[in-house]
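This report concerns only the one structure given below.
Every chain is numbered from 1, with letters handed out A, B, ... down the list of sequences. Everything numeric in this text was worked out from a predicted model, so none of it was measured.
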2 protein chains.
Amino acid sequence: MRVDSRRSPGQRAGLTRDAVLAAARAVLATDGIQCLTMRKLAERLGVRPNALYSHVTGKTELLDAILDDVLGEVATPAHDGDPRAELRRLMTSVHDVAREHPDLVPHYLAKRGLRGPNGRKLRAATEQLLARASLPPDKASEARRVLAVYAIGFAAFSETPPSGPVGDGAPPMRDSFATGLEWLLAGILGE
Amino acid sequence: MRVDSRRSPGQRAGLTRDAVLAAARAVLATDGIQCLTMRKLAERLGVRPNALYSHVTGKTELLDAILDDVLGEVATPAHDGDPRAELRRLMTSVHDVAREHPDLVPHYLAKRGLRGPNGRKLRAATEQLLARASLPPDKASEARRVLAVYAIGFAAFSETPPSGPVGDGAPPMRDSFATGLEWLLAGILGE
DNA sequence: ACCTGAACACCGTTCAAGT
DNA sequence: ACCTGAACACCGTTCAAGT
């Protein structure tokens with residue numbers, strides 16, 4: 001809130017890259033992605049807009065970093081559990097995390113997929129589970145893509161439903177997700 | 001290209017809503033969604049930016065209209081074919097159309113789903129095929145959502161691959177889509 | 001290295017005209 | 001009804017300073 005702007009060109013504001021990212025996530029959570037602008041972010045941090053560019057190369061990198069942070073919230077699978085059960089838990093966790101950050105999903109889908117470290121970890125974990133389920137590498141690669149598309153893509157449709165009556169007949173989105181996930185797992189791992 | 005701008009306040013430019021939409025689709029196809037701005041669109045039409053608002057309420061409505069136009073390109077299913085084969089053809093057509101307009105996919109996924117007339121037609125056609133496959137209504141509703149998420153969501157990942165070597169080992173995206181679609185259809189309709 | 005001041009090159013949209 | 005002129009309230013980003 002306090003903007004002050006009582007700083008002369010030489011003085012520092014004690015800004016950190018982590019502080020910028022944290023503030024951006026806060027704006028995203030409270031006001032949505034429409035309000036996440038470099039200028040509003042700077043104002044919230046009590047700083048001039050261009051000051052952000054000392055800690056972040058630009059808005060795209062900022063969004064990519066937040067996205068990877070969010071991917072870090074996904075629950076890591078156990079190394080010894082049943083692969084099928086672990087795959088179900090992992091993809092459900094991906095879906096839940098994506099649903100908690102719906103504004104980020106379109107940015108994720110706009111071809112800036114799993115480039116960050118947490119994204120790569122997620123990718124490796126999924127591949128490991130599919131390998132433990134004794135899938136050949138090429139089929140595992142296809143299955144990983146199919147599962148990722150499904151879990152993230154479904155979150156984009158899982159927004160708070162339109163302002164109709166309380167229950168409009170259709171089952172809750174999370175149940176539809178679970179149903180479809182079982183179909184996919186049956187196809188991938190066999191009945 | 002010609003901007004002229006040699007019109008006085010009273011003169012008309014012969015603009016139509018359809019002409020605006022067509023120009024917008026042309027910009028989208030040649031320059032991408034980043035370049036699709038009201039101002040650039042106006043310039044291409046030889047008109048001042050605010051002139052567009054006589055034919056379109058705003059940019060959001062313009063994108064929604066284009067999106068629904070694009071959905072009209074989806075091949076309509078036959079009324080007498082095998083439901084499973086028709087579902088496969090329909091969802092593949094949805095996927096192909098979405099892939100031809102990758103810039104629109106994030107906008108589609110950003111909760112502006114199937115509100116237009118062509119979107120509703122598509123929705124009805126899918127439900128009819130699922131009913132003909134003798135699915136109960138609630139299961140058909142779940143299946144329709146799952147299929148839509150899968151077909152559209154997959155298109156977001158099917159962009160031209162990064163500039164790696166020609167074949168980087170992974171199978172083409174369209175094959176992965178087909179594989180996953182079979183898994184889903186098996187789960188929905190039974191083996 | 002980190003910040004300000006000032007500026008550049010843009011946006012979408014509105015509103016009062018003119019014919 | 002359809003368009004222009006002018007303006008409003010914004011954007012992301014760069015660049016030359018200052019300490």
Tell me the ring pair (Phe, Tyr, Trp, His ring centres under 6.0 Å) pairs involving residues 35-70 of chain B, sequence neighbours left out?
none
Give me the distance, rounded to whole Å, that separates C:dA9 from D:dC10 when you measure between the C1' atoms they each carry.
13 Å
Checking B:R89 now: which residues fulfil salt bridge (charged side-chain N to carboxylate O under 4.0 Å, His left out) with it, not counting sequence neighbours?
B:E86
B:L41 CG - D:dC3 P separation (whole Å)
13 Å
Filter on salt bridge (Lys or Arg N to Asp or Glu O under 4.0 Å), then keep only pairs touching residues 116-135 of chain A, sequence neighbours left out; what's left?
A:E127-A:R144
Both B:P9 and A:R12 contact DNA chain C. Taking the nearest nucleotide for each, which residue is further toward the 5' end?
A:R12
Just to verify, what does A:S134 make a side-chain contact (heavy atoms from CB on, under 4.5 Å) with, not counting sequence neighbours?
none
For B:A13, which contact category applies under a 4.0 Å heavy-atom criterion: base, sugar-phosphate, or nothing?
sugar-phosphate
What salt bridge (Lys or Arg N to Asp or Glu O under 4.0 Å) pairs are there with at least one residue in residues 147-157 of chain A, not counting sequence neighbours?
none
Please write out each protein N/O paired with an N/O of nucleotides 11-15 of chain C under 3.5 Å, distance rounded to 0.1 Å.
residue: C:dC11; atom: OP1; partner: B:T37; partner atom: OG1; Å: 3.4
residue: C:dC11; atom: OP1; partner: B:K40; partner atom: NZ; Å: 3.2
residue: C:dG12; atom: OP1; partner: B:M38; partner atom: N; Å: 3.0
residue: C:dG12; atom: OP1; partner: B:K59; partner atom: NZ; Å: 3.1
residue: C:dG12; atom: OP2; partner: B:M38; partner atom: N; Å: 2.9
residue: C:dG12; atom: OP2; partner: B:R39; partner atom: N; Å: 3.3
residue: C:dG12; atom: N7; partner: B:R39; partner atom: NH1; Å: 2.6
residue: C:dG12; atom: O6; partner: B:R39; partner atom: NH1; Å: 2.9
residue: C:dT13; atom: OP2; partner: B:Y53; partner atom: OH; Å: 2.8
residue: C:dT13; atom: OP2; partner: B:K59; partner atom: N; Å: 3.0
residue: C:dT13; atom: O5'; partner: B:Y53; partner atom: OH; Å: 3.3
residue: C:dT14; atom: O4; partner: B:N50; partner atom: ND2; Å: 3.2

Could you name each residue pair satisfying ring pair (Phe, Tyr, Trp, His ring centres under 6.0 Å) that touches residues 56-102 of chain A, not counting sequence neighbours?
A:H95-A:F154, A:H95-A:F177
Pairwise side chain to side chain donor-acceptor pair (under 3.5 Å) hits with a residue in residues 173-188 of chain A, at least two apart:
A:R88-A:E182, A:D96-A:R174, A:S176-B:R145, A:T179-B:E142
Return the set of residues passing side chain to side chain donor-acceptor pair (under 3.5 Å) with B:Q128 (not counting sequence neighbours), or none when no residue passes.
none
Which of residues 14-26 of chain A have a heavy atom under 4.0 Å from DNA chain C?
A:G14, A:L15
Does A:D68 reach the main-chain N or O of A:G119 with its side chain, forming a donor-acceptor pair under 3.5 Å?
yes
Starting at atom CZ of A:R7, determine the distance to atom C1' of D:dG18, rounded to an integer number of angstrom.
14 Å
If you write DNA chain C from 5' to 3' in dot-bracket form, with Watson-Crick or G-U pairs under 3.5 Å, [ ] for crossing pairs and | for pairs with another strand, what do you get?
||.|||||...|||||.||
Check for a donor-acceptor pair, side chain of B:Q11 on one end and backbone N or O of B:R7 on the other, with a separation under 3.5 Å.
no
I want to check one thing: is the phosphate of C:dA1, taken as OP1 and OP2, less than 4.0 Å away from some side-chain N or O of A:H55?
no
Which pairs would a plain distance check flag for residues 22-34 of chain B, meaning a side-chain donor or acceptor within less than 3.5 Å of a matching protein atom at least two apart in sequence or in another chain?
residue: B:R25; atom: NH2; partner: B:E73; partner atom: OE2; Å: 2.6
residue: B:T30; atom: OG1; partner: B:A26; partner atom: O; Å: 3.0

